[in-house]
Amino acid sequence: MPLNFTFALSQQQTFELRCDYGSRRLDKAELAALIDLCEQNYYAQQRDHLPYLTQLGRQLYQWLDGKEVWLRKALDEADEQTINLDLIQTSEAQGLNPETERIALGLAHLPWELLHDGAGFLIERQNLSVLPVRSVQQRQTQVIGVQNRPLRLLFMATSPEDPRVPPLGFEQEEANILQATKDQTLALIVEESGSVAELANLVKSYPEDYFDVFHLTGHGIIYTKKDYGSLLSTGATLPDNTPCFITEDEVGNMQLTTVNDLAKAFRGRWPRVTFLSGCHTGQVSNKGTVPSMAQALVKAGAGIVLGWARPVYDRTGIVAAQAFYQALVTGATVEEAVKAAQQEMIEKECTDWHLLRMYRDTRPIAELVTPLRTRNREKLKFTPSEQEFLDENNQVKVASQFEFVGRRRPLQRCLKALQETSDQIGVFIAGMGGLGKSTLAARLCTRVQMQRSNFVRVVVIGPLDEIGLLTKLSNKFERFADVPALLNEPKVSLKGRLQNFFEAIENEHKQPLLLVLDDFEQNIPVKDGSLRMTAEAYEILGAICGALEENGAESRLIVTCRYLKEDTLPPHRLHLESLAAMSSSDIDKICFPLDKEVRQQLRTQRIIYIADGNPRLLKWLLEVIQQPGIAADELLNRLEATEQKFREDILAQTLLDTLEPEERKFLTRLSVFHLPVTEEIGGLFLRLPTLTPGTRSPRLIAKVL
């Protein structure tokens with residue numbers, strides 16, 4: 001049993017300390033002096049001084065122990081070294097005079113983590129360290145118990161691109177969590193945007209009680225108009241001493257997120273544990289009179305919330321998170337996991353180890369999941385790849401919302417260009433094949449249409465010709481009799497017809513256009529190396545850009561192309577976005593859903609090297625390498641010696657070489673048709689009686705087709 005100490009208030013606004021051994025009245029003046037001492041020697045300090053910490057810890061210990069030596073007695077007798085500080089009555093008290101209220105709230109402000117018995121800090125004990133837990137809310141509602149399955153973690157990192165906000169190593173924190181749990185199983189779902197609005201959308205996409213833990217990493221502040229008023233968006237106001245988390249909006253700008261904002265995002269569907277990995281998130285502000293963000297989240301419905309009581313080093317947050325999740329995935333209780341995090345911080349000589357705070361309600365939350373080897377434990381299941389396409393004819397398959405990894409900054413920069421108030425008329429996304437240009441275009445369309453639902457999407461794939469473009473636009477708006485007529489006016493130039501078209505669909509029909517020109521490289525002959533587009537494509541692209549610009553149109557253009565040579569483009573006001581290879585942390589997220597055995601194989605590292613940051617090539621190679629009948633090492637040797645632009649051809653040839661004669665004949669017959677082939681067709685021919693069922697991947701054969 002934990003050591004339970006309850007702080008109670010009498011009707012005379014006096015304080016009592018109660019435990020299993022009895023109760024005693026507390027001196028308000030002594031309590032106030034202790035709170036003031038902590039404010040001066042602990043919270044106001046920029047750096048920790050061990051003598052101050054030791055002295056403060058000794059005073060807290062002696063005060064809690066009292067002349068009755070309750071704390072010493074309890075520690076000697078207890079088999080579970082957790083001190084439960086019941087602050088429910090004092091944190092919920094109403095109608096108190098200002099001084100009593102300050103003391104009541106200040107009890108949570110006291111740094112109980114520093115308790116020191118003269119021999120050392122209790123939290124540093126090697127056998128059974130002592131963990132103070134602040135209970136601040138009484139609840140009787142049900143909460144799910146221990147689950148016989150892997151841990152499910154929702155991870156969100158926020159780091160707006162703003163000179164007023166220091167950059168954080170959140171990618172390293174995420175990578176360390178994956179590394180710490182590599183020998184266990186962890187379902188990690190990453191919210192990639194850093195936006196609370198997008199977090200709300202993601203939470204709605206999963207069943208209630210799906211997530212066990214929500215981990216939010218970034219910068220936390222205690223807002224005052226004097227210090228942080230310039231960070232607020234125009235027209236917004238906040239009371240002084242409001243705890244906030246610095247997040248991002250949909251285009252990467254800074255946004256101050258409050259407890260109410262987070263509560264709206266979860267709509268009562270809180271995970272059992274929330275870890276606020278940001279400065280000041282566990283700190284009671286205004287000299288102990290305003291509840292911390294962690295405490296306020298418990299009041300708002302969260303079960304257990306961890307936070308930091310002051311500014312914390314980036315490295316300390318990473319060390320703590322790594323140890324915390326390493327313990328949780330093995331079936332440890334939340335308290336045991338927090339103790340493990342504190343011990344790891346001490347071992348790694350993090351001087352701010354004592355800043356981690358744990359707040360909770362009274363519901364029985366202990367272990368979250370069972371250990372790995374538990375009988376009948378549910379296997380790790382990942383959401384299957386969704387059939388999501390950029391175009392309405394299902395020709396261009398893209399990564400689904402749940403598969404979309406990385407690309408936060410390119411997405412945000414492009415969204416800025418697509419805003420109604422932007423001076424730009426669209427975006428030109430360039431990069432080699434497989435880097436995710438079409439997927440990024442699809443995400444942009446989704447985000448724009450979520451914000452402005454009246455937008456109509458039209459996708460043109462490959463070669464661009466005037467008749468094809470006008471036919472596509474006419475068909476999309478055929479219910480409006482005037483639109484096809486405007487597009488086909490014989491005596492008006494293409495640019496003029498497009499100007500009339502944009503004016504009609506926006507002003508009269510209130511349906512602006514989101515036009516996507518995908519795989520635009522098919523309009524660029526590369527025989528002479530000039531990368532100049534065909535004359536017809538040049539004229540059409542110039543007409544589109546000119547019409548959008550001169551109209552000041554709300555409609556927007558998105559172009560995806562392998563090549564970008566700015567001096568070959570017609571006059572335009574397009575944002576040019578060149579995609580680079582994926583970062584190592586994003587590659588880790590792509591590989592993480594694989595079986596542990598596959599990830600641990602030596603050749604997996606060779607696969608990552610060969611893919612060279614290309615997500616499509618990586619996914620394809622990971623699938624190919626696991627196909628039966630393929631000499632994996634020989635294939636890898638060939639790929640390592642080959643330029644990347646030819647690697648997909650090698651993979652395709654490898655697949656063809658593994659086909660049976662009848663399968664090759666079938667492909668030969670199909671090759672006379674210049675039509676897109678869906679995965680369904682690939683699955684269909686696997687069911688033909690002349691083929692051996694179950695020996696080939698429909699998805700891979702569809703790619704070869």
Side-chain angles (χ1 to χ4, degrees), residues 1-8 15-45 48-87 90 103-136 282-284 288 308-310 335 338-339 341-343 345-346 350-360:
M1 294 293 291
L3 319 177
N4 291 296
F5 289 90
T6 301
F7 292 90
F15 294 88
E16 279 190 355
L17 177 65
R18 300 170 183 170
C19 67
D20 292 341
Y21 304 113
S23 63
R24 72 169 182 262
R25 178 171 292 187
L26 301 175
D27 188 300
K28 286 172 58 174
E30 188 178 354
L31 271 173
L34 197 55
I35 292 170
D36 290 338
L37 179 66
C38 292
E39 190 66 35
Q40 178 180 350
N41 288 347
Y42 186 71
Y43 288 104
Q45 301 300 316
D48 292 311
H49 302 282
L50 186 59
Y52 284 166
L53 299 182
T54 301
Q55 180 184 7
L56 195 53
R58 286 293 296 140
Q59 289 181 264
L60 286 169
Y61 181 96
Q62 292 168 355
W63 180 83
L64 191 61
D65 197 31
K67 63 181 180 181
E68 302 88 353
V69 295
W70 287 343
L71 180 55
R72 195 182 322 168
K73 187 186 303 184
L75 290 172
D76 290 339
E77 296 176 357
D79 57 356
E80 180 184 341
Q81 305 288 285
T82 299
I83 299 179
N84 182 31
L85 300 166
D86 184 343
L87 304 170
T90 55
I103 296 171
L105 292 173
L107 289 169
H109 193 46
L110 293 173
W112 301 104
E113 287 69 18
L114 293 177
L115 286 170
H116 193 293
D117 64 358
F121 296 106
L122 301 188
I123 219 167
E124 289 184 303
R125 290 187 175 188
Q126 292 299 316
N127 52 353
L128 287 172
S129 63
V130 175
L131 171 69
V133 177
R134 295 161 175 79
S135 297
V136 293
Q283 179 177 342
V284 180
W308 298 94
R310 267 184 11 210
E335 285 83 359
V338 175
K339 290 179 186 178
Q342 289 171 327
Q343 290 296 321
M345 287 188 286
I346 292 168
C350 299
T351 57
D352 45 355
W353 55 264
H354 47 86
L355 296 177
L356 188 60
R357 301 285 185 264
M358 180 174 174
Y359 290 84
R360 66 168 302 157

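Because the structure is predicted, anything quoted here is derived from the model rather than measured.
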Would you say Leu37 and Tyr42 make side-chain contact, with heavy atoms under 4.5 Å? no
Below 4.5 Å, heavy atoms only, C-beta onward: do Thr82 and Val133 meet side chain to side chain? yes
Main-chain N/O of Leu107 paired to Trp112 side chain as donor or acceptor, under 3.5 Å: yes
Is any side-chain heavy atom of Ile123 less than 4.5 Å from a side-chain heavy atom of Leu115? no
How long is the span from the CG atom in Asp48 to the CG atom in Leu53, to the nearest 0.5 Å? 5.0 Å
Quick check on Tyr52: does its OH atom have over 12 non-hydrogen neighbours (other residues, nucleotides or ligands) under 6.0 Å away? no
Using side-chain heavy atoms (C-beta onward) and a distance below 4.5 Å, is Leu31 in contact with Trp63? yes
Looking at every heavy atom in both Pro132 and Leu85, which two are closest together, and how far apart are they? CB-CD1, 4.2 Å
What closest approach, in Å, do Leu356 and Gln342 show between heavy atoms, and which atom pair accounts for it? O-NE2, 4.1 Å
Nearest atoms (heavy-atom pairs only) where Ala8 meets Arg18: CB-CZ, 3.5 Å
Separation between NZ (Lys73) and CG (Leu3), nearest 0.5 Å, reads 13.0 Å
Any non-hydrogen side-chain atom of Gln283 less than 4.5 Å from a side-chain atom of Arg357? no
If only atom types and distance count, is the side chain of Asp352 paired as donor or acceptor with the main-chain N or O of Leu355 below 3.5 Å? no
Could you walk me through whether Leu122 and Leu75 pass side chain to side chain contact (heavy atoms under 4.5 Å, CB included), step by step? CA-CA 10 Å; Leu122 301 188; Leu75 290 172; 3.9 Å; yes
Whether the side chain of His109 engages the backbone of Val284 through a donor-acceptor N/O pair (distance < 3.5 Å, no angle test) should be reported. yes
Let me confirm one number: the CD-CZ distance from Gln45 to Arg310, rounded to the nearest 0.5 Å. 7.5 Å
Side chains of Ser135 and Asn84, donor plus acceptor under 3.5 Å: yes
Shortest non-hydrogen separation from Asp117 to Arg58 and the atoms involved: C-NH1, 3.2 Å
Proximity of Trp353 and Phe121 rings by center, below 6.0 Å: yes
Just how far is it from atom CG of Leu110 to atom CG of Leu87, taken to the nearest 0.5 Å? 9.0 Å
Is there a donor-acceptor contact under 3.5 Å from the side chain of Arg134 to the main chain of Ala108? yes
Distance, nearest 0.5 Å, that separates CG of Leu56 from NE2 of His354: 10.0 Å
Thr351 side, atom OG1; Met345 side, atom CE - distance, nearest 0.5 Å: 11.0 Å
Identify the two heavy atoms, one from Leu64 and one from Phe7, that lie closest to each other, and give their separation to 0.1 Å. CD1-CZ, 4.4 Å
Hey, does the side chain of Asp65 reach the backbone of Glu68 with a donor-acceptor pair shorter than 3.5 angstrom? no
How about Ile83 and Leu71: do any of their side-chain heavy atoms sit closer than 4.5 Å? yes
